[in-house]
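What follows is a set of notes on a single structure, which appears directly below.
The first residue of the sequence shown is numbered 1, and numbering continues consecutively from there. As the structure is a computational prediction, the values presented were derived from the model and not from experiment.
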Amino acid sequence: MLLDGREVSKSIKEDLKGTISSLSKKGIVPKLVTVLVGDNPSSHTYVQMKANACMRIGMESERIFLSTETTTEQLLQTIKQLNEDETVHGILLQHPVPSHIDERQAFDMIALEKDVDGVTSHGFGSTAFQLNAYPCCTPAAIMEMIDYYNIDVEGKHAVVIGRSPILGKPVSMMLLNRNATVTISHSRTENLEQLVNQADIVVAAVGKPEFVKGEWLKEGAVVLDAGYNKGNIGDCEYETCYNEASAITPVPGGVGPVTIAMLLRNTVLAAQQKAMKRELSRS
């Protein structure tokens, strides 16, 4: 089975349009602000894609471009101003930032109620404990695809290849909270091929093109490729993995479109929460 992310994304966006229309009647238009530091061409492309996605479903978006020479303090000040801006519902700091910037400090400056990309330490902890926070968008996209295609994870062995704080670690917690048995691995894991061969579900999030080979897989495994490398190549060797898997995400057209849809959903939910608080304060 091909796990078509474009189909899942389209379904999410159609649902959001009605909510956005209802909020607009109350004078609230969900707004996402993306902050980009530096001139990374890929980051510019991603930022433009997110702005276009907002526009198509009736959301507002703003892009803030900061020079490569921007300091951590200057970036923190920009985020602080966005936290205080009542018209802004979601803040996204485009990753990666230049190496001289303290990225974790910048992420953690984002107000929790506007952390629609789920990048703050508080947000990660809340997600792990199943508390009220917006989850990281790519892990949330993976779980959304699992739900959309009715893939049973309870009791299954899931091997996550990758340990980043905004992908590998949070998706591991999400799977664990669904009663999967989760093994977190990475590019330095010994005997990784044998470990992957035990997995019912493989999440590839290691950031290495065609890293996972088809011969590693147990026959009938579900493969969720969250990688996106130069040349539109995922972290799995698609042709060989396709032959062994019972279900697989393509790259492109798999997890990526759903990631953007989850970002839009989180921003709309943040706008809804603000509308509810405003109504409560008036009553």
Does any non-hydrogen side-chain atom of H89 lie less than 4.5 Å from one of V116? no
Do the side chain of T249 and the main chain of G254 share a donor and acceptor less than 3.5 angstrom apart? no
What's the separation between atom CG in L176 and atom CD in Q130, rounded to the nearest 0.5 Å? 9.0 Å
Got V196 and L217 here, is their nearest side-chain heavy-atom distance under 4.5 Å? yes
Q94 versus H44: any side-chain heavy-atom pair under 4.5 Å? no
Rounded distance [0.5 Å steps], CE in M59 versus SG in C54: 4.0 Å
Side-chain touch I260/S9, heavy atoms, less than 4.5 angstrom: no
Considering only heavy atoms from C-beta outward, does the side chain of L66 approach that of T78 to under 4.5 Å? yes
Is it true that the side chains of D108 and S121 contain a donor and an acceptor less than 3.5 Å apart? yes
Can you list everything that forms a ring-ring contact (aromatic ring centres under 6.0 Å, His included) with F107? Sequence neighbours excluded, please. none
Minimal non-hydrogen separation, A106 against L76, with atom names: CA-CD2, 3.6 Å
Heavy-atom side-chain proximity of V223 to V212 below 4.5 angstrom: no
Hey, is the main chain of M173 close enough, under 3.5 Å, to the side chain of N177 for a donor-acceptor pair? yes
Which pair of non-hydrogen atoms, one from D115 and one from V119, has the smallest distance, and what is that distance? OD1-N, 3.0 Å
CZ (F65) with more than 12 external heavy atoms under 6.0 Å: yes
Between E239 and N243: side-chain donor-acceptor atoms closer than 3.5 Å: no
Could you tell me whether the side chain of T45 and the main chain of P41 form a donor-acceptor pair under 3.5 Å? yes
Does the D102 side chain pair with the main chain of T72, one donor and one acceptor, at a distance under 3.5 Å? no
Test W216 against V159 for side-chain contact (heavy atoms from CB on, under 4.5 Å), laying out the working first. CA-CA 12 Å; W216 296 8; V159 172; over 6 Å; no
With the threshold set at 4.0 Å, does a side-chain nitrogen-carboxylate oxygen contact exist between K10 and E7? no
Tell me which pairs pass salt bridge (charged side-chain N to carboxylate O under 4.0 Å, His left out) where either residue lies in residues 204-218, with sequence neighbours left out. D200-K218, K213-E237
Counting only pairs under 3.5 Å, give me each side-chain donor-acceptor contact of residues 19-32, with atom names and distances, residues two or more places apart or in other chains.
{"residue": "S22", "atom": "OG", "partner": "G18", "partner atom": "O", "Å": "3.2"}
{"residue": "S24", "atom": "OG", "partner": "I20", "partner atom": "O", "Å": "2.9"}
{"residue": "K26", "atom": "NZ", "partner": "E279", "partner atom": "OE2", "Å": "3.2"}
{"residue": "K31", "atom": "NZ", "partner": "E62", "partner atom": "OE1", "Å": "3.1"}

For T138 and A226, which heavy atoms make the closest approach, and how far apart are they? CG2-CB, 4.1 Å
Between D85 and V33, does a side-chain contact (heavy atoms from CB on, under 4.5 Å) hold up when you go through it step by step? CA-CA 11 Å; D85 188 336; V33 176; over 6 Å; no
Above 12 or not: heavy atoms from other molecules or residues under 6.0 Å from CD of Q194? yes
Test log, rule side-chain contact (heavy atoms from CB on, under 4.5 Å), inputs L224 and V171: CA-CA 11 Å; L224 297 142; V171 79; over 6 Å; no
State, to 0.1 Å, how close D225 and C236 come at their nearest heavy-atom pair, and which atoms those are. OD2-N, 3.0 Å
Shortest non-hydrogen contact between C241 and I248, atoms and distance: CB-CD1, 3.8 Å
Could you grab the distance from atom CG of N197 to atom CG of N191, nearest 0.5 Å is fine? 12.0 Å
L192 backbone acceptor or donor facing T189 side chain under 3.5 Å: no
Between Y149 and D4, which heavy-atom pair has the shortest distance, and what is it? OH-N, 2.9 Å
Report yes or no: do N266 and D117 form a side-chain donor-acceptor pair below 3.5 Å? no
Tell me, yes or no, whether the heavy-atom count around M276 atom CE, taken from other residues, nucleotides or ligands under 6.0 Å, exceeds 12. no
Can you find a pair of side-chain heavy atoms, one from L2 and one from P250, that are under 4.5 Å apart? yes
May I ask you to test the Q273-E113 pair for a side-chain heavy-atom distance under 4.5 Å? no
With salt bridge (charged side-chain N to carboxylate O under 4.0 Å, His left out) as the criterion, how do D147 and R178 come out once you've worked through the C-alpha distance, each side chain's angles and the decisive distance to 0.1 Å? CA-CA 11 Å; D147 289 342; R178 295 284 192 91; 2.9 Å; yes
S185 side chain vs V160 backbone, donor-acceptor pair below 3.5 Å: yes
